[in-house]
Protein chains: 2
Amino acid sequence: MIDKLEMFIALAREEHFGRAANAQGVTQPTLSAAIKQLEDQLGVMLVWRGSRYRGLTPEGQRALDWARRIVGDARSLRQEMRVARQGLSGDLRLAVIPTALTVVSDLIAGYAEAHPNVRFSVQSNTSIEVLNMLENLEIDAGLTYLDNEPLGRVTTVPIYSERYVLVAKAGHPLLGGPVRWADLADVPLCLMTPDMQNRRIINQHLAKAGVEVTPQIEASSIVVLVSQVVNSNLATILPVRAAEIFLKGDDLGSVPLIKPDASHTVGLVAPQREPFTPVLATLLDRARALSAAVSN
Amino acid sequence: MIDKLEMFIALAREEHFGRAANAQGVTQPTLSAAIKQLEDQLGVMLVWRGSRYRGLTPEGQRALDWARRIVGDARSLRQEMRVARQGLSGDLRLAVIPTALTVVSDLIAGYAEAHPNVRFSVQSNTSIEVLNMLENLEIDAGLTYLDNEPLGRVTTVPIYSERYVLVAKAGHPLLGGPVRWADLADVPLCLMTPDMQNRRIINQHLAKAGVEVTPQIEASSIVVLVSQVVNSNLATILPVRAAEIFLKGDDLGSVPLIKPDASHTVGLVAPQREPFTPVLATLLDRARALSAAVSN
DNA sequence: CCTTTCGATAGAAGACCTCTATCAAGCAGA
DNA sequence: TCTGCTTGATAGAGGTCTTCTATCGAAAGG
């Protein structure tokens, strides 16, 4: 039963019988049969049938919610028993928005040291992807914005508050002192792509300041943005925490962006399902401690 | 997997391999094997082994919590899909403390009419049993006291507030007007057995009034108590709502018990597991409506 | 009209489950 | 201490269920 629910979740995620089967490590006929049996056992159609996948029925959608719960809890059970057997161990899968990537090390540095049997995997994603993957049980927790766009049913732990700086090559004319958002008209910029919430936030501030900006370069990685800044006269806008790591040398400079002194909270998101697994509970504790340390 | 978790729950409840197997409709070797496999899959011992059942290990206790969740959610999934298929239907199992039995009809009268395919089963239990059965998934909801003893992780809907009356055969000397708890010294009484919370509440009030009472007859059913009252000079103490149904004729009389004007809240308890199944959600709605109607 | 993609179906091999029968350990009473 | 009962584990047979490979038919795209 639980296996079939796993396959059902995979099918809903992949929207394709073959790919879902592959993701589950079974053949396509096996997955087809599993879905069919699930439908027989529950007595309802879960998937619109045709010559190809055409989405979930309303009942299927509802069943998907339950399936995620059940499968998630079953995994939690297994993990908790493994922890009881051999101490804190297992995988902890994190998805993180690009501008929070540097915070990951603060979050997991001590953790990894204290619990060498816990393996971390970190991937960079948009905030929307983070939330989707959390729902789909593809990750255990995420780092993303907490207060700008709706989150859904998740547990949150705020960690720090983002503030923005303008980053440019040393000698750039705007690097003299604080820059207002309104000053950015006609400044050549490179920014994140619009699928990134960071970019949407920046757009909001620019719009509020009455400025329209067309970045010459868009990228989904801050490494790309900073590289551009180093090698051109473009400037970029980054959260302080994300920019710091690039400002160690003297080839780049930064100044605060003010008026407004924009601020957005970034923090940990995890499934709202208590009790938490030990591995996740420990991470949440670390996040809370980190949050306290940052605000002091 | 889910089948094995069901067997594990049954074993924890019955504390006996043979009985648990019987309750699950399988043979004892099948259940033994299932528990063994569960232990192998999870990699931990769940049950203390010996020549007989000796309780759960700490890991087993923890696993039991998860098992209840998973099995409960799996049942919810099945129920919700059946409701999607054929409208509100299925079983709704209620456990009720004796003094709230008359409220059941108020609660389910309209429900049963509106949804003829929902079958109700009602049993009378102590408040502790109600909570245990709720945990063990043996019932879907219960009616019990909400504010006297700790409840655990449950959803509650208050329905009405209990007030107490002294019930006695017509002509009993105390039936003239309100009676204080302190007046009950030396009054021959019959009361519920001490495993009933109702009795414990009454004991509290009597103790607070400085009175010690040794009932001549104890029973776990109010029908027994009232029958005694009808056929003897004993009086009894009952909540108004429970007494009303017996006071239609003129062979019995009742007077309020005052000083203090004791009051305890009785209401519906259900597992704290959202979303609720449709059958249970409907019951909770009815309870809230009933609560509003009563307090007007 | 032909090709490709997608999901369903058939049939065989093997894994898994559940049963009956039986055993060994512990406990109780004589 | 012996005997009989209770309790849970084990062995082995039978049957069910699952998964695989191979193949088909329908629909979409060029």
Side-chain angles (χ1 to χ4, degrees), chain A residues 1-61 63-64 67 70-71 74 77-78, chain B residues 1-61 63-64 67 70-71 74-75 77-78 81:
Chain A
M1 179 83 177
I2 289 184
D3 297 332
K4 288 171 194 161
L5 292 177
E6 294 234 31
M7 295 192 208
F8 179 55
I9 293 172
L11 176 61
R13 170 163 37 85
E14 304 288 345
E15 306 191 314
H16 186 290
F17 279 72
R19 279 198 300 276
N22 206 49
Q24 290 295 298
V26 297
T27 59
Q28 171 265 317
T30 300
L31 190 130
S32 279
I35 301 299
K36 194 187 179 64
Q37 284 167 14
L38 208 53
E39 288 182 324
D40 287 350
Q41 282 177 30
L42 297 176
V44 294
M45 216 178 250
L46 299 172
V47 178
W48 291 123
R49 299 313 180 84
S51 72
R52 56 190 57 217
Y53 179 86
R54 287 219 165 72
L56 300 180
T57 63
E59 294 81 27
Q61 195 54 247
L64 179 61
I70 294 168
V71 169
L77 167 60
R78 281 190 277 262
Chain B
M1 179 81 177
I2 289 184
D3 297 333
K4 288 170 195 160
L5 293 177
E6 294 233 33
M7 294 190 207
F8 178 56
I9 294 173
L11 176 62
R13 170 164 37 86
E14 305 287 345
E15 305 191 314
H16 186 289
F17 280 71
R19 280 199 300 276
N22 206 49
Q24 291 295 299
V26 297
T27 60
Q28 171 265 317
T30 300
L31 190 128
S32 280
I35 301 299
K36 193 187 180 63
Q37 284 168 15
L38 208 52
E39 288 181 326
D40 287 349
Q41 282 178 31
L42 296 176
V44 294
M45 216 178 249
L46 299 173
V47 178
W48 291 121
R49 299 314 179 81
S51 71
R52 56 188 58 218
Y53 180 86
R54 286 215 165 75
L56 299 182
T57 64
E59 294 80 27
Q61 195 54 248
L64 179 60
I70 295 168
V71 169
R75 289 187 191 170
L77 167 60
R78 281 190 277 264
M81 293 301 108

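Chain letters run A, B, ... following the sequence lines, proteins first and then strands; every chain starts at 1. What's counted below: heavy atoms across the whole structure, side chains too, no hydrogens, waters or symmetry copies.
More than 12 heavy atoms of other residues, nucleotides or ligands lie within 6.0 Å of NZ in B:K4, so this atom counts as buried by the packing criterion. Atom CE of B:M1 has more than 12 neighbouring heavy atoms from other residues, nucleotides or ligands inside a 6.0 Å radius.
Scanning all heavy atoms of the two residues, the minimum distance from A:A10 to A:Q24 falls at CB-NE2, 3.6 Å. In plain terms, the two heavy atoms of B:F8 and B:G60 that are nearest each other are CZ-O, 3.5 Å.
Residue A:Q37 places at least one side-chain N or O under 4.0 Å from the OP1 or OP2 atom of D:dT18. The side chain of A:R49 places no N or O atom within less than 4.0 Å of a non-bridging phosphate oxygen (OP1 or OP2) of C:dG7. At C:dG7, one or more side-chain N or O atoms of A:H16 fall inside 4.0 Å of OP1 or OP2 (strictly under the cut-off). Within the structure, a side-chain polar atom (N or O) of A:S32 is placed less than 4.0 Å from OP1 or OP2 of C:dA8. An OP1 or OP2 oxygen of C:dC19 is reached within less than 4.0 angstrom by a side-chain nitrogen or oxygen of B:T27.
Take the nearest nucleotide of DNA chain D for A:D3 and for A:R52: the residue whose nucleotide is more 5' is A:D3.
Residue A:Q41 contributes atom CD, which lies 13 Å from atom C1' of D:dT18 at whole-angstrom precision. Rounded to whole angstrom, the span from the CZ atom of A:F17 across to the C1' atom of D:dC24 amounts to 17 Å. Atoms CD1 (B:I35) and P (C:dC17) sit 13 Å apart, rounded to a whole Å. The interatomic distance linking A:Q28 (CD) with D:dA22 (P) rounds to 14 Å, in whole Å. Atom CG in A:L11 sits about 11 Å away from atom C1' in C:dG7, given to the nearest Å. Remark: P of C:dA8 and CD of A:E39 are 9 Å apart, rounded to the nearest angstrom. Atom-to-atom, CD of B:E15 to P of D:dG8 comes out at 11 Å; the value is rounded to the nearest Å. Spacing between atom CG of B:L31 and atom C1' of C:dC19 amounts to 14 Å, rounded to whole angstrom units.
If you check C:dC17, D:dA9, D:dT6 against the side chain of B:K4, the one that comes closest is C:dC17. In this structure, of D:dG8, D:dT19, D:dT10, it is D:dT19 that holds the atom nearest to the side chain of A:T30.
Using a 4.0 Å heavy-atom distance criterion, B:Q24 is classed as making no nucleic acid contact. Using a 4.0 Å heavy-atom distance criterion, A:R54 is classed as a sugar-phosphate-only contact.
For the pair A:I35/A:V47, a side-chain contact is recorded, criterion being any heavy-atom separation below 4.5 Å from C-beta on.
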